[in-house]
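Structure, as structure tokens:
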There are 2 protein chains.
Amino acid sequence: MAKTGDRSRAVPGSALALLHFALDRTSPVPLYYQLAQQLEAAIEQGALAPGDLLGNEIDLSTRLGLSRPTVRQAIQSLVDKGLLVRRRGVGTQVVHSQVKRPLELSSLYDDLEAAGQGPTTRVVRNEHVPATADVAAALGVPEGGDVVRLERLRATHGQPVAFLCNHLPATLLDLDTERLESTGLYRLLRSAGITLHSARQTIGARSATAEEAGLLAEKEGAALLTMQRTAYDDTGRPVEYGTHVYRASRYAFDFQLLVRS
Amino acid sequence: MAKTGDRSRAVPGSALALLHFALDRTSPVPLYYQLAQQLEAAIEQGALAPGDLLGNEIDLSTRLGLSRPTVRQAIQSLVDKGLLVRRRGVGTQVVHSQVKRPLELSSLYDDLEAAGQGPTTRVVRNEHVPATADVAAALGVPEGGDVVRLERLRATHGQPVAFLCNHLPATLLDLDTERLESTGLYRLLRSAGITLHSARQTIGARSATAEEAGLLAEKEGAALLTMQRTAYDDTGRPVEYGTHVYRASRYAFDFQLLVRS
DNA sequence: TAGTGGTCTAGACCACATT
DNA sequence: ATGTGGTCTAGACCACTAG
């Protein structure tokens, strides 16, 4: 209503008015991306509070010297991330939440890497083997074809956490055992120019066999978390098939889901 | 090279040329969405095979009588779904994969609903209780505040599968026990106008207690899958906090991840 | 009735990959 | 050198929400 109103309630559209955005047209970074990053920073730092309205897109674009589609692209990318909400006839506002960014969708990267101090990895096996039926099906290679079999034991704080068994197409890359012990498999793939794009996962549980119990310092019959994963690169080709076993007493999967309408 | 070349290899850009797309400008359905749906159908039905090129966006737009941004919007939505891949200087092609659409990102909807025949649900408890500390923290209500506590036992084929304990803000909606037994909680929320938007999940495992074993027809100490979830609506407000226990012998989580660059 | 986001157009120039 | 997608502009009209 009144332009100079009660300050105890935010004046709609004013939250952004005070902020300054620095756009560099000479930068190779796209303008919409620069704007999106600065908006995201403003939200994370609290300059834009949950529920704040952004003000309409037309004003915003003229104020920033951008076209409306460019501003929309920036806003849309944050909507996709779950940081903003658009409502027709109402406006765009900062999402009303505690969980700003609890966890990336990750879980494709070795989750242990982020969970506390540096994990250690011991490579138990790293050799070429003929593909068994399940491996062949997952990797899309003929049964009996040449694949790399990798077995690793991962630990943090001197305690074993997981036993990881992975299979990869033999032609994909050379897996150096030494580097595998100092970094994650996915980091290695990435540095070899392989960009992961999607993965199909199955998470379950079962009781530890005697052998697993020995490897993981658990008692036989203890509850274990299991995960099977097939990962694909950006062309949709399978690049990795993993069968992992985690100590349930020391590990859990933790992630955020976004519903796509 | 030659325009009329070897037919054993697909002529780039020709895959789409033979397809017909029916766009209805009088429909309230957006044009980019109509196009996206028909492209997706063509991919799923195999009219567009993995690796096929779509042909450049300019030609496509003129052929369809659409502007390039509109065509791009359609293509982009399929890229986001993981069905198409764009490569600058190369073109857009159908993703090279077996996994067309193995599973939705779902898992927000009651997963059991899709897994085989109709599951049955028995509501064990459905009452208002004061919020405990963990519930209060998850739902963003004061400790001791009024919340609804829901306990359900779910079964398929006459066998128990999971014990579900959920907490919801008391003011959110009325939970009719009868309807809860005939449908899922999330369907109920949706029909009450609450649109879920995101969720934070933790999946782990542990051994069954005596009580859990009794409920789920397992032996004490059997491996169980556990899941904790806080779900948020499209404004970011928490609407549900669940603590679920699944029989590992009869259930596993199965989903697909998309890496967002 | 006014204001918002949702959709759409018809151009333009650039960066990159292939030939 | 050519062709591709990536980005950007400056408008337009529509559908929905609010007061």
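Here the P atom of nucleotide D:dT9 and the CG atom of A:L64 are 10 Å apart, to the nearest Å. One interatomic measurement links the two molecules: CG of B:L54 to P of D:dT4, which rounds to 12 Å at whole-angstrom precision. Between A:L53 atom CG and D:dT17 atom P the separation is 16 Å, expressed in whole Å. Computed from coordinates, the A:R87 CZ to D:dC16 P distance equals 16 Å when rounded to whole Å. Regarding B:Q76, its CD atom lies at a distance of 12 Å from the P atom of D:dG5, rounded to whole Å. One atom, CD1 of A:I58, and another, C1' of D:dC14, lie 13 Å apart when rounded to the nearest Å. Going from atom CZ of B:R86 over to atom P of C:dA17 covers 16 Å, rounded to whole Å. Atom CG in B:L35 sits roughly 14 Å away from atom C1' in C:dC8 (whole-Å rounding).
Using modelled atom types, one finds a donor on one side chain and an acceptor on the other under 3.5 Å when comparing B:E240 with B:Y186. A donor-acceptor contact under 3.5 angstrom links the side chains of A:R152 and A:N166, judged on distance only. Side chain to side chain, B:Y32 and B:Q76 fail the donor-acceptor criterion of an N or O pair below 3.5 Å.
The residue B:R72 sits close to a base: some heavy atom pair falls under 4.0 Å.
Comment: A:R149 does not engage A:E127 in a salt bridge, judged by the lack of any side-chain N to carboxylate O separation of less than 4.0 angstrom. Remark: B:R87 does not engage A:D234 in a salt bridge, criterion side-chain N to carboxylate O under 4.0 Å.
Rounded to the nearest 0.5 Å, atoms CG (A:L84) and CG (A:L39) are 7.0 Å apart. Interatomic distance, B:R86 CZ to B:L54 CG, rounded to the nearest 0.5 Å: 9.5 Å. Taken from CG in B:N126 to CD in B:E178, the straight-line distance is 12.0 Å, to the nearest 0.5 Å. Here the straight-line distance linking atom CD1 of B:I75 with atom CG of B:L83 works out to 12.5 Å at 0.5 Å rounding.
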Report, one pair per line, the protein and nucleotides 11-15 of chain C atoms (nitrogen or oxygen only) whose separation is under 3.5 Å.
{"residue": "C:dA12", "atom": "N6", "partner": "B:R68", "partner atom": "NH1", "Å": "3.2"}

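Between A:A138 and A:P238, the closest heavy-atom pair is O-CB, 3.5 Å.
Counting only Watson-Crick or G-U wobble pairs whose defining distances are both under 3.5 Å, the stems of 3 or more consecutive pairs in DNA chain D are C:1-18 with D:1-18.
A:L150 has its side chain within reach of A:L180: a pair of non-hydrogen atoms, C-beta onward, lies under 4.5 Å apart. The shortest side-chain heavy-atom distance between B:D233 and B:H197 does not fall under the 4.5 Å cut-off.
The side chain of B:T70 contributes an N or O atom lying less than 4.0 Å from OP1 or OP2 of C:dT9.
Two residues, A:V90 and A:L66, neighbour DNA chain D, and the one matched to the more 5' nucleotide by heavy-atom proximity is A:L66. Where A:V71 and B:T92 each meet DNA chain D at their nearest nucleotide, the meeting point lying more 5' is that of B:T92.
If you check D:dC8, D:dG6, C:dT7 against the side chain of B:Y32, the one that comes closest is C:dT7. Checking C:dG5, D:dG5, D:dC8 against every side-chain atom of A:N56, the shortest atom distance belongs to C:dG5.
Within residues 22-31 of chain B, the residues approaching DNA chain C are B:R25, B:P30, B:L31, by heavy-atom distance under 4.0 Å.
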